[in-house]
Amino acid sequence: MANTATIEINGQKNEFPLVNGTENEVAIDITKLRSATKGVITIDPGYKNTGSCESAITFLDGEKGILRYRGYSIEELAEKADFLEVAYLLIFGELPTIEQLEKFHSDIKKHSVVDDDVKKILDAFPKSAHPMGVLSSLTSALTAFNPSSVNVNSEQDMYNSVVRILAKFPVLVAWTMRKKQGLPLYYGDSSLGYVENVLKMMFKQPHEERYIQNPILVNALDKLLILHADHEQNCSTSTVRIVGSSHAGLFASLSAGISALWGPLHGGANQAVLEMLEAIKEDGGDTKKYMAKAKDKNDPFRLMGFGHRVYKNFDPRARIIKKAADEVLGDLGVEDPILDIAKGLEKEALNDDYFVKRKLYPNVDFYSGIIYRAMGIPTDMFTVMFALGRLPGWIAQWREMRLKKEPIGRPRQLYIGETLRAFKTIDKR
Ligand code: SDX
């Protein structure tokens with residue numbers, strides 16, 4: 001293949017270099033397009049065909065349903081690694097030695113205290129506040145209590161910010177849930193592993209002398225967090241990158257990413273899936289009615305948890321989560337009719353021409369909520385759990401962008417408004 005692409009505009013030919021990734025993906029480098037063509041740009045709403053960066057963190061192949069973090073398959077990582085190992089891998093590029101992992105965890109534990117004044121901010125929210133709005137606000141507020149986390153011009157400064165947010169974010173997640181439940185807010189327990197600590201802060205009841213860890217929940221949450229840890233340039237990660245590209249601090253960039261993830265077309269889908277399955281259950285399990293709604297162009301309803309911008313095959317994470325849902329509910333002895341409705345819906349959709357033609361398969365959000373529900377996590381906290389998993393991926397992508405000194409993100413546009421016109425003064429009474 002030639003290593004250039006030729007674009008001919010009004011008879012003038014311009015050549016642009018082709019760049020190749022390590023997985024044989026090819027991109028046209030159009031960094032010189034405007035100057036070479038006196039102002040011509042490309043346009044691509046939703047960036048469906050446009051790459052924003054070169055990245056070495058996550059590779060996915062939507063046609064083949066492949067997902068790898070730093071070259072390791074998601075299947076192997078979900079089975080053999082733990083979440084903190086995967087966080088280290090995503091952020092620093094290599095799996096940690098035991099010494100590196102222990103130091104990483106020890107550095108994180110040193111920063112697990114969240115300033116008590118953050119509770120005053122939490123108190124100001126009405127109980128009806130959605131946890132994602134609370135989490136985004138508290139994450140941004142952390143900057144005020146950790147001002148040194150803004151100017152991260154050295155790798156050491158960046159490392160200090162990274163361990164701070166990995167330490168404090170789980171506390172904010174637990175406090176956000178427990179505040180809504182009217183339960184006391186606990187700090188972390190540094191004697192525990194990262195995921196065990198999250199579960200204890202979320203679920204220890206006031207009357208309990210000790211919180212007894214349930215290994216089924218620990219393993220399930222660890223696996224879910226790994227499966228959500230990164231997904232290349234998705235909507236929320238691109239948000240974290242573009243906010244960070246203005247040299248806003250890490251916590252402010254993450255806060256923006258949380259808001260982007262909240263949307264029901266993105267991370268908010270896991271909550272929307274459960275609400276949809278509940279509605280179908282209330283409706284007597286009438287999946288056909290909801291399939292018809294999903295296909296009706298005049299109906300805004302979509303089959304939540306189905307379809308994906310990149311995957312035109314099964315989302316590999318959905319396969320793993322579906323299997324885990326069976327195992328967790330079985331191990332916990334939970335009978336949940338919602339799981340059967342989900343499976344029935346999946347079966348129908350996978351045999352329905354509308355979905356098959358559009359290559360719409362279950363995505364990461366279709367089954368995850370069923371496990372969160374079995375774990376006793378409230379539905380409106382599902383996307384917060386997604387954010388907890390995605391945190392290391394956001395950090396890794398933000399760090400890569402800053403270390404590569406990428407320019408501030410500032411897309412162009414095609415103006416389609418009024419051309420020049422004179423102002424007409426009206427007779428003001
Ligand atoms: C996540 O990007 C990531 O990597 C995200 C994520 C991550 O890890 O960060 O994987 C997490 O966000 C997963 C997606 C969760 N969202 C949902 O489950 C919401 C339901 N899905 C859709 O809204 C939709 O599939 C999107 C938003 C996920 C993708 O939308 P696209 O790529 O913009 O595709 P599209 O809207 O142009 O759809 C193409 C066609 C359309 O029909 P036609 O106009 O061709 O006739 O497929 C139809 C759509 O109407 N379609 C659906 C559908 N999804 C797409 N029809 C019914 N139900 C659906 N779910």
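Just follow the structure's listing: the first ligand is 1, and inside any ligand the first atom is 1.
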Engineer: Does ligand 1 have a heavy atom under 4.0 Å from the side chain of Arg358, from its backbone, from both, or from neither?
Structural biologist: side chain
Engineer: Check this for me, if you would: do Asp340 and Lys343 make a salt bridge, where the nitrogen-to-carboxylate-oxygen distance has to be below 4.0 angstrom?
Structural biologist: no
Engineer: If you measure every N/O of Cys235 against every N/O of ligand 1, is any gap under 3.5 Å?
Structural biologist: no
Engineer: Between Ser255 and Ser136, is there a donor-acceptor pair closer than 3.5 Å when you use the side chain of the first and the backbone of the second?
Structural biologist: yes
Engineer: For atom 19 (C) of ligand 1, grab the closest protein heavy atom and report residue, atom and distance to one decimal in Å.
Structural biologist: Met304 CE, 3.7 Å
Engineer: Does Lys204 come within less than 4.0 Å of Asp189, counting only side-chain N to carboxylate O?
Structural biologist: no
Engineer: Which residue and non-hydrogen atom of the protein lie closest to atom 20 (C) of ligand 1, and at what distance in Å?
Structural biologist: Phe306 O, 3.4 Å
Engineer: So which heavy atom in the protein is nearest atom 13 (C) of ligand 1, and how far is it from that ligand atom?
Structural biologist: Asp365 OD2, 3.5 Å
Engineer: Does at least one non-hydrogen atom of Arg317 fall below 4.0 angstrom from an atom of ligand 1?
Structural biologist: yes
Engineer: Heavy-atom contact under 4.0 Å between Leu265 and ligand 1?
Structural biologist: yes
Engineer: If you count the atoms of ligand 1 from 1 in the order shown, which ones are under 4.0 Å from a heavy atom of Ala269?
Structural biologist: 15 (C), 16 (N), 17 (C), 18 (O)
Engineer: If every non-hydrogen atom of Ser368 is compared with every non-hydrogen atom of Leu224, which pair is closest and at what distance?
Structural biologist: CB-CD2, 4.2 Å
Engineer: Could Arg358 and Tyr354 be counted as a cation-pi pair, given that NZ or CZ must be under 6.0 Å from the ring centre and within 45° of the axis?
Structural biologist: yes
Engineer: Between Asn160 and Ser149, does any side-chain donor sit less than 3.5 Å from a side-chain acceptor?
Structural biologist: no
Engineer: Any idea how Phe104 and Tyr159 line up, ring-wise: parallel (<30°), tilted (30 to 60°), or perpendicular (>60°)?
Structural biologist: tilted
Engineer: Run the numbers for me: atoms of ligand 1, each under 4.0 Å from some heavy atom of Asn234, listed by number.
Structural biologist: 2 (O), 3 (C), 4 (O), 5 (C), 9 (O)
Engineer: Taking atom CG of Asp61 and atom CD of Glu25, what is their separation to the nearest 0.5 Å?
Structural biologist: 8.0 Å
Engineer: Which protein heavy atom lies closest to atom 58 (N) of ligand 1, and at what distance to 0.1 Å?
Structural biologist: Leu303 N, 3.1 Å
Engineer: Could you check whether the rings of His130 and Trp262 sit parallel, tilted or perpendicular, using 30° and 60° as the cut-offs?
Structural biologist: tilted
Engineer: Students often mix this up, so state it plainly: with edges at 30° and 60°, are the rings of Phe386 and His228 parallel, tilted or perpendicular?
Structural biologist: perpendicular
Engineer: For ligand 1, does Phe366 get within less than 4.0 Å through its side chain, its backbone, both, or neither, judged by non-hydrogen atoms?
Structural biologist: neither
Engineer: Among protein heavy atoms, which lies nearest atom 57 (C) of ligand 1, and at what distance?
Structural biologist: Ala294 O, 3.5 Å
Engineer: Check Leu414, Ile30, Ile28 against Thr42 for a side chain to side chain contact (heavy atoms under 4.5 Å, CB included) and give me the one that passes.
Structural biologist: Ile30
Engineer: Determine if the distance from atom 26 (C) of ligand 1 to the closest protein heavy atom is below 4.0 Å.
Structural biologist: no
Engineer: Got a salt bridge between Asp326 and Lys322, using NZ or NE/NH1/NH2 to carboxylate O under 4.0 Å?
Structural biologist: no
Engineer: Strictly under 4.0 Å, does any heavy atom of Arg390 approach an atom of ligand 1?
Structural biologist: yes
Engineer: If you count the atoms of ligand 1 from 1 in the order shown, which ones are under 4.0 Å from a heavy atom of Arg309?
Structural biologist: 29 (C), 31 (P), 32 (O), 33 (O)
Engineer: Starting from atom 28 (C) of ligand 1, what is the nearest protein heavy atom, named by residue and atom, and what distance separates them?
Structural biologist: Gly307 O, 3.7 Å
Engineer: Is the closest protein non-hydrogen atom to atom 39 (C) of ligand 1 under 4.0 Å?
Structural biologist: no
Engineer: Can you tell me if Gly305 contacts ligand 1 (heavy atom of the residue under 4.0 Å from the ligand)?
Structural biologist: yes
Engineer: Nearest 0.5 angstrom please: Ile66 CD1 to Tyr311 OH, how far?
Structural biologist: 9.5 Å
Engineer: Is it the side chain, the backbone, both or neither of Lys297 that has a heavy atom closer than 4.0 Å to ligand 1?
Structural biologist: side chain
Engineer: Nearest 0.5 Å, what's the CD-CG distance between Gln397 and Asp230?
Structural biologist: 4.5 Å
Engineer: In terms of atom number and element, which parts of ligand 1 are under 4.0 angstrom from non-hydrogen atoms of Lys48?
Structural biologist: 33 (O), 37 (O)
Engineer: Return the option from Glu232, Lys357, His266 holding the heavy atom at the smallest distance from atom 12 (O) of ligand 1.
Structural biologist: His266
Engineer: Note the single closest protein heavy atom to atom 14 (C) of ligand 1, along with its residue, its atom name and the distance in Å.
Structural biologist: Asn363 ND2, 3.5 Å
Engineer: Within less than 4.0 angstrom of ligand 1, does Tyr311 place any heavy atom?
Structural biologist: no
Engineer: Show which atoms of ligand 1 fall inside a sub-4.0 Å distance from at least one heavy-atom site of Leu360.
Structural biologist: 47 (O), 51 (N), 52 (C), 53 (C), 54 (N), 55 (C), 56 (N)
Engineer: Go through the steps for Asp29 and Phe16 under the test side chain to side chain contact (heavy atoms under 4.5 Å, CB included), then give the verdict.
Structural biologist: CA-CA 6 Å; Asp29 177 346; Phe16 299 94; 5.8 Å; no
Engineer: Check each of Arg302, His308, His231 against atom 36 (O) of ligand 1 and report the one with the nearest heavy atom.
Structural biologist: Arg302
Engineer: Please state which protein non-hydrogen atom is closest to atom 48 (C) of ligand 1 and give its distance, to 0.1 Å?
Structural biologist: Tyr354 OH, 3.6 Å
Engineer: Does His228 approach ligand 1 within less than 4.0 angstrom via side chain, backbone, both or neither, non-hydrogen atoms only?
Structural biologist: neither
Engineer: Are Gln233 and ligand 1 in contact, using a heavy-atom cut-off of under 4.0 Å?
Structural biologist: no
Engineer: Thinking salt bridges, do Glu327 and Lys323 make one under a 4.0 Å N-O criterion?
Structural biologist: yes
